Visitor: 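Below is a structure I'd like to ask you about.
Naming convention: chains lettered A, B, ... in sequence-line order (proteins, then strands); numbering from 1 in each chain. In this text the structure is predicted, and so the values were computed from the model without any measurement.
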There are 2 protein chains.
Amino acid sequence: MPDPATNLPEAVTVDDTALRAYFGYRMKRCFNAIQADLAQALKPFELRMLTFTALALVVENPGLRQSQLAEAMDVERPNLVTVVEELVRRDLITRDRVPTDRRAYSLEATAAGKRLFADAAAAVEAHEKTLLAGLDPQLRAGAIEAMHHIEKGRQRG
Amino acid sequence: MPDPATNLPEAVTVDDTALRAYFGYRMKRCFNAIQADLAQALKPFELRMLTFTALALVVENPGLRQSQLAEAMDVERPNLVTVVEELVRRDLITRDRVPTDRRAYSLEATAAGKRLFADAAAAVEAHEKTLLAGLDPQLRAGAIEAMHHIEKGRQRG
DNA sequence: TATTGTTATACTCTATAACTATA
DNA sequence: TATAGTTATAGAGTATAACAATA
């Protein structure tokens with residue numbers, strides 16, 4: 001039954017026709033949903049998306065420097081300091097001076113770090129499987145391709 | 001030439017194989033890029049993505065209540081207070097008590113609000129056109145469909 | 001009791017400027 | 001001079017708890 005004052009149904013059915021077509025709008029809503037879900041999936045490991053991503057890249061790239069990590073993660077260097085600190089404090093990665101360049105630090109995952117990453121990665125994969133359940137694999141691949149394309153295009157322009 | 005200390009090339013070519021496949025990772029990077037770009041496109045109108053979205057929904061749904069707006073935007077009610085305040089202060093929307101429910105407020109766009117929205121929407125459309133240039137229209141539609149599917153699926157689960 | 005909007009508050013992510021120590 | 005990492009700081013987005021007014 002519509003509310004006579006607003007002429008809108010009591011149940012919320014808001015018209016977002018003008019926004020639906022916007023890629024950015026759709027993306028924001030979807031990303032918020034994923035982000036919130038993923039945070040839950042990572043909670044048992046006391047990881048956030050940011051720390052999980054950093055750990056993944058260090059595991060996969062032993063000897064990585066912080067500046068390289070920052071560039072790979074597409075965040076500014078200062079924002080990585082606390083992330084690296086946290087992973088070091090938890091003995092998930094080590095952080096040693098590079099002998100040939102004493103300004104730089106070399107990051108490496110510890111055995112514990114590799115173990116935690118493996119477990120967390122499995123949880124993330126399970127989460128994504130649930131998240132993307134019922135989604136045509138071709139649609140999924142297409143979406144990933146589209147997002148990659150947009151990201152690359154922006155770097156050029 | 002590889003750095004002998006890290007055994008990594010000096011030029012940053014970090015391996016993110018383990019992350020590439022993650023929808024969330026790809027999405028985060030892409031969304032960050034879009035968000036930063038869109039903020040630039042909206043700057044001339046002194047709008048952010050959040051205020052633009054709110055304005056769009058009010059223009060399209062005259063008489064909307066704040067709680068409906070919050071639900072439509074998928075944010076918690078408290079986070080909308082300053083957004084609505086800002087739009088009211090700039091005379092882009094009005095905010096009147098609902099006679100039949102004196103707890104609620106009814107939001108409506110002013111003539112100036114509608115004008116600004118039309119102009120901003122044109123800028124956003126131009127921005128998206130640039131952003132998605134070179135992207136197969138079918139890929140774009142597929143990506144939007146995938147994102148919508150994921151968002152809806154999360155609400156169910 | 002429940003709901004609308006509000007206040008207060010806190011946490012996360014992000015960015016910029018300026019510093020240090022090295023190169 | 002330039003670069004790696006740091007500190008300090010600020011801004012935006014988000015969430016929760018508790019409140020007043022009203023239903």
Visitor: If I take atom CZ in residue A:Phe31 and atom C1' in nucleotide D:dG13, what distance separates them, rounded to the nearest angstrom?
Guide: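 From A:Phe31 CZ to D:dG13 C1': 11 Å.
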Visitor: Other residues, nucleotides and ligands only: do more than 12 of their heavy atoms fall within 6.0 Å of CD on B:Glu46?
Guide: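 Atom CD in B:Glu46 is not crowded, with 12 or fewer foreign heavy atoms closer than 6.0 Å.
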Visitor: Which residue pairs pass the ring-ring contact (aromatic ring centres under 6.0 Å, His included) test with at least one member in residues 81-105 of chain A, sequence neighbours excluded?
Guide: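 Passing the test, one end in residues 81-105 of chain A: no pairs.
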Visitor: Under 4.0 Å between any heavy atoms, over every strand shown, what does A:Arg97 touch: base, sugar-phosphate, or nothing? Just pick one.
Guide: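 Nothing, no nucleic acid heavy atom in range.
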Visitor: Is B:Leu50 touching bases, backbone alone, or none of the nucleic acid, heavy atoms closer than 4.0 Å?
Guide: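 Answer is sugar-phosphate: B:Leu50 comes under 4.0 Å of backbone atoms only.
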Visitor: Using whole Å, report how far CD of B:Gln35 lies from C1' of D:dG13.
Guide: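 In whole Å, D:dG13 C1' lies 9 Å from B:Gln35 CD.
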Visitor: What's the CD-C1' distance between A:Glu71 and D:dG5, to the nearest Å?
Guide: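 A:Glu71 atom CD is separated from D:dG5 atom C1' by 15 Å.
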Visitor: Whole-Å distance between D:dG13 P and B:Leu38 CG?
Guide: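 That distance rounds to 11 Å.
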Visitor: Specify the residue among B:Arg103 and B:Glu85 whose closest nucleotide of DNA chain C lies further upstream toward the 5′ end.
Guide: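 Final value for this comparison: B:Arg103.
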Visitor: Look at B:Ser67 and C:dT3 and indicate whether a side-chain polar atom (N or O) is within less than 4.0 Å of OP1 or OP2.
Guide: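 For C:dT3, neither OP1 nor OP2 has a side-chain N or O of B:Ser67 closer than 4.0 Å.
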Visitor: With the criterion being N/O to N/O and under 3.5 Å, what pairs connect the protein with nucleotides 15-18 of chain C, and how long is each?
Guide:
residue, atom, partner, partner atom, Å
C:dA15, N7, A:Asn79, OD1, 2.8
C:dA15, N7, A:Asn79, ND2, 2.9
C:dA15, N6, A:Asn79, OD1, 3.2

Visitor: Figure out the CD1/P separation between B:Ile93 and C:dG5, and round it to whole Å.
Guide: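 Whole-Å distance recorded here is 12 Å.
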Visitor: Please table the atom pairs, donor to acceptor, closer than 3.5 Å between any side-chain atom in residues 47-58 of chain B and protein atoms at least two apart or in another chain.
Guide:
residue, atom, partner, partner atom, Å
B:Arg48, NH2, B:Glu86, OE1, 2.7
B:Thr51, OG1, B:Arg48, N, 2.6
B:Thr51, OG1, B:Arg48, O, 3.1
B:Thr53, OG1, B:Met49, O, 2.6

Visitor: Would you say A:Asn32 reaches D:dG13's phosphate, i.e. side-chain N/O to OP1/OP2 under 4.0 Å?
Guide: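 Result: no.
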Visitor: Can you work out whether A:Gln66 or A:Lys28 has the more 5'-proximal nearest nucleotide on DNA chain D?
Guide: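 First, find each residue's nearest nucleotide; the 5'-ward one identifies A:Gln66.
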Visitor: If the threshold is 4.0 Å, N to carboxylate O, is there a salt bridge linking B:Lys28 and A:Asp74?
Guide: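 Looking at B:Lys28 and A:Asp74, the cut-off is not met.
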Visitor: Tell me the interatomic distance from A:Ile34, atom CD1, to C:dT12, atom P, rounded to whole angstroms.
Guide: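 One finds 21 Å between P of C:dT12 and CD1 of A:Ile34, rounded.
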Visitor: I need the CG-C1' distance between B:Asp96 and C:dT4, as an integer number of Å.
Guide: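 B:Asp96 atom CG is separated from C:dT4 atom C1' by 16 Å.
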Visitor: Yes or no on side-chain contact (heavy atoms from CB on, under 4.5 Å) for A:Thr94 and A:Val88, after CA distance, side-chain angles and deciding distance?
Guide: CA-CA 6 Å; A:Thr94 58; A:Val88 169; over 6 Å; no
Visitor: Calculate the interatomic distance between B:Leu42 atom CG and D:dG13 atom P; express it in whole Å.
Guide: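 Rounded to whole Å, this separation is 11 Å.
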Visitor: Could you tell me whether B:Glu151 and A:Arg26 have a side-chain N and a carboxylate O separated by less than 4.0 Å?
Guide: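 A:Arg26 and B:Glu151: salt-bridged.
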Visitor: Using a strict 4.0 Å threshold on nitrogen-to-oxygen distance, state whether A:Lys114 and A:Glu108 make a salt bridge.
Guide: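 The answer is no: the pair does not qualify as a salt bridge.
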